[in-house]
Amino acid sequence: MHIETKPIVIFLLVYLPSFNIFGQTAKANSDTIHQLEKVVVTGYRTVNGVGHLSEVKDGVIYAGKKNEVIISDSLDANKAINNTRQILGRIPGLNIVETESSGFTANGIATRGLNPIQSIEMNTRQNGYNISGDTYGYNEAYYIPPMEGVSRIEMVRGAASLQFGSQFGGLVNYVTKDAPLDKRFESQTSITQGSYGLFNTFQSVGGSKGALSYYGFVQYRNMDGYRPSSQQWQLSGFGKLQYLFSKKVKVGLEYSVLRNRIQMPGGLTDSLFLANPRIATRNRNWLKSPWNIVTGSFEWDIDSSNKILFKMTYLAGNRSLVWRNEDGGPEAKDEIDPVTNSFVPREVGIEKMHNITTELRMSHTYQLHGRQSVLSGGFRYSYAWFKRLGGGEGSVNSDFDLSITGDWGYNLDFKTTNFAPFIENLFKISSRLSITPGFRFEYLNSKAKGYKTEGPDKMIANQNRNRYIPLFGLGIEWRTGMGNSNIYGNISQAYRPIDYSQLEPFGVSSKIDPLMKDASGFNADLGYRGTVRNFLNFDIGLFYMAYNNRIGLVEKFDPLTNNSYTLRTNIANSVHKGLESYVEFNLLKYLNASSKFGYSIFNSFAYIDAAYTSGEFKGKRVEAASRIINRIGMIISTSKISTTLQWNHTGDSYGDASNAVSSSDPVAGYIPAYNVLDFSGTIKLSQVWLKVGINNLTNRSYFTRRTDEYPGPGIIPAVGRSYYVGFTIKM
């Protein structure tokens, strides 16, 4: 039987009670939990889009932390291309850099005015484990799972730094779908076609038999691209096996794989973009980034009060790049030299990433003054090694050719060792008030060895840094007694370590400050959130983030040599503060709670004031930080049809800290505000779902990023108007 459900209702009625083992039902046994997981809720969708995590889930305390949960199947969106502004756009203040069609495998995201490029300020996870190259040394997200295989997306702001790691931007966790508990076999097939040669197919299977359950998917996507020379194909897959040794012990094994090849059309100058944003300046630039992730897990519900979760992950990734490099900027034409009658040689770069990460989490529910409190703790251990080869002189060909002539321009080895124990305790002060203090201690060792050449000179890298960093935090939550609502507050320390690129030698007349510090600071939140029956969902809050010891370049003078030189060091502090608000109102449910129709309006709004408070650029806006990010949507739905119209406004920003409006530097310059309108619809016919949509309905020309090199240099245009149509069959 096909059952239409509202995922938020499912989440509240099915998932949350199962987590009460950590909260108000300490006497519940494992049989009760198992039965609740099998509950099937029927009914019509009520509140769409965004929900919130329970106080404690999977040994992690979320009480007092600003967080959101997005249920994937509740969204009308172009999931075939992981359209980020449709899928994650309801997260207030989420800044999205739309470069997936021009050389990146995934659009980058950031919160609160941070840098969104490849999500480097975020702790990016899948099913609770890290999926970026190296959480601290090279925290770039080249892989995220296809949204057709994702059940929900969990996001926690900077308060996630104690439980998950030190990132200022917080956590984003893509949770894949699970095997059905009551079927031996279930399958889903989706096919989507669209503009610019889009063809996407997705196939998943899953089932359970006795103690064994399985789920897996394969996705293939091919696109010609919005601009010439931007063809790409991608094959991604995922498989998960879980075995219940008993009602208390469960083990699992997961494998994720990505294979792709992307052609990069290059960046544009301002004048070229204004003349025609669809032109390409390069046709010989290529990238591939294969990704492999293997994870083993062990989960032990010792009793109703104690739980242990253990995960070990091995990641092997790669980024191989051959391109007409950034020399000459976006003005340089990639064309045949009439003197040599051939193209100039391209540049080749290869990066190999490996890391092994182990995380152990334990939770203990206990009675304190007649009330249940929860102690949660554990540790994270990670060892990562990274090989960076680049500056090799490649061929004059136009195909994907990684062969080089001579030696590499740089050959560097990086290693990162991280050990971090953490602990938090949820104290129930009363039936309404809870307080959660927490502590994390980070040990971090970074090593860099190798060489980099500049002309006839060879610069040697030899860095070895140890850091011992304590992080503290405190959360508070007050249940107001007015419906299902609470006031929450949190302050948590964070830091961003010196990454691999900042340990590289970068010039003969340049130096790296041996006393350079990691960026550090804190996030603070104060907000009010809740739901009113089935017609209102809201979360309104203020935030303040201090981001100190930002790393950059300054010019120095050496009196001994009477020469100037550049120094890479800590140059400035910045402060990010503002308002984040999400409100969704279902008019028809307000007028009639049992209505079979829905008419919802939602508004995701953020005001962000991010500015430098010290250094050369004091008073300037932080680069890439838009002041206003506002998304308004309208959802009209029946039991068979659902449609969503979403308007997206992102305010202006700048490409660099100088706030230059124009510059010969391709990364510097003004990034204008833009508005984008998206429409998506779903028709449900028994076991077949039909999907249709138009992205960028008004065909707005805009861009979200300027870059000094890969995949540019210059402006990277976003995609114009495009459509998609498709269907999904579930059996």
Side-chain angles (χ1 to χ4, degrees), residues 66 68 84-85 88-99 107-117 119-122 155 157-158 168-170 270 521-527 539-548 550 572-583 602-633 646-663 667-677 700-707 715-716 718:
K66 183 173 182 63
E68 291 95 358
T84 312
R85 67 174 179 265
L88 291 176
R90 301 190 197 187
I91 304 295
L94 192 74
N95 190 10
I96 302 166
V97 57
E98 299 182 25
T99 53
N107 291 331
I109 61 173
T111 60
R112 300 180 173 176
L114 295 171
N115 187 350
I117 297 170
S119 306
I120 59 174
E121 296 280 8
M122 305 295 297
M155 183 168 286
R157 296 296 197 275
F168 280 90
D270 288 77
F522 65 88
N523 271 278
D525 294 284
L526 178 64
D539 186 350
I540 302 171
L542 302 172
F543 70 87
Y544 184 97
M545 179 173 65
Y547 199 130
N548 302 323
R550 283 178 172 269
N573 301 335
S574 66
V575 167
H576 306 232
K577 58 183 184 291
L579 168 72
E580 295 167 331
S581 168
Y582 180 82
V583 179
F602 69 83
N603 179 220
S604 172
F605 172 82
Y607 171 77
I608 303 166
D609 179 12
Y612 287 98
T613 58
S614 67
E616 178 184 355
F617 303 117
K618 182 177 180 180
K620 299 287 187 179
R621 290 167 59 185
V622 173
E623 57 271 28
S626 299
R627 282 202 175 103
I628 301 292
I629 299 177
N630 192 22
R631 299 182 176 101
I632 300 173
Q646 179 174 302
W647 174 74
N648 308 266
H649 170 80
T650 299
D652 62 359
S653 60
Y654 294 94
D656 78 330
S658 73
N659 291 184
V661 175
S662 61
S663 172
V667 77
Y670 186 60
I671 302 176
Y674 60 90
N675 299 284
V676 183
L677 192 63
R700 180 67 181 265
S701 296
Y702 67 102
F703 63 94
T704 62
R705 187 187 175 191
R706 295 176 182 267
T707 174
I715 290 171
I716 307 299

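Each residue takes its place number in the sequence, starting with 1.
A search for ring-ring contact (aromatic ring centres under 6.0 Å, His included) contacts involving Tyr607 returns nothing, not counting sequence neighbours. For Ser653, the side-chain hydrogen bond (donor to acceptor under 3.5 Å, both in side chains) test picks out no residue, with sequence neighbours left out. Shown here are the side-chain contact (heavy atoms from CB on, under 4.5 Å) partners of Leu88, two or more places apart in sequence or in another chain: Ile70, Thr84, Leu94, Ile109, Ile153, Tyr174. Partners of Phe617 under the ring-ring contact (aromatic ring centres under 6.0 Å, His included) rule, at least two apart in sequence or in another chain, do not exist in this structure. Residues satisfying the ring-ring contact (aromatic ring centres under 6.0 Å, His included) criterion with Tyr654, sequence neighbours excluded, are Tyr670. By the side-chain contact (heavy atoms from CB on, under 4.5 Å) test, Ala610 is found to be paired with His576, Ile608, Val622, Ala625, residues two or more places apart in sequence or in another chain being considered. The side-chain hydrogen bond (donor to acceptor under 3.5 Å, both in side chains) check on Asn523 picks up Arg112, with sequence neighbours excluded. The ring-ring contact (aromatic ring centres under 6.0 Å, His included) test applied to Phe602 returns no partner, not counting sequence neighbours. Considering only residues two or more places apart in sequence or on other chains, Arg631 meets the side-chain hydrogen bond (donor to acceptor under 3.5 Å, both in side chains) condition with Asn648. Taking Arg85 as the reference, Glu98, Asp678, Tyr702 meet the side-chain hydrogen bond (donor to acceptor under 3.5 Å, both in side chains) condition, with sequence neighbours excluded. Residues satisfying the salt bridge (charged side-chain N to carboxylate O under 4.0 Å, His left out) criterion with Lys577, sequence neighbours excluded, are Asp609. Scored by the side-chain contact (heavy atoms from CB on, under 4.5 Å) test, Asn573 finds Asn548, Asn549, Thr613, Ser614 as partners (sequence neighbours excluded).
Side chains of His649 and Asn630: a donor-acceptor N/O pair is absent below 3.5 angstrom, by distance only.
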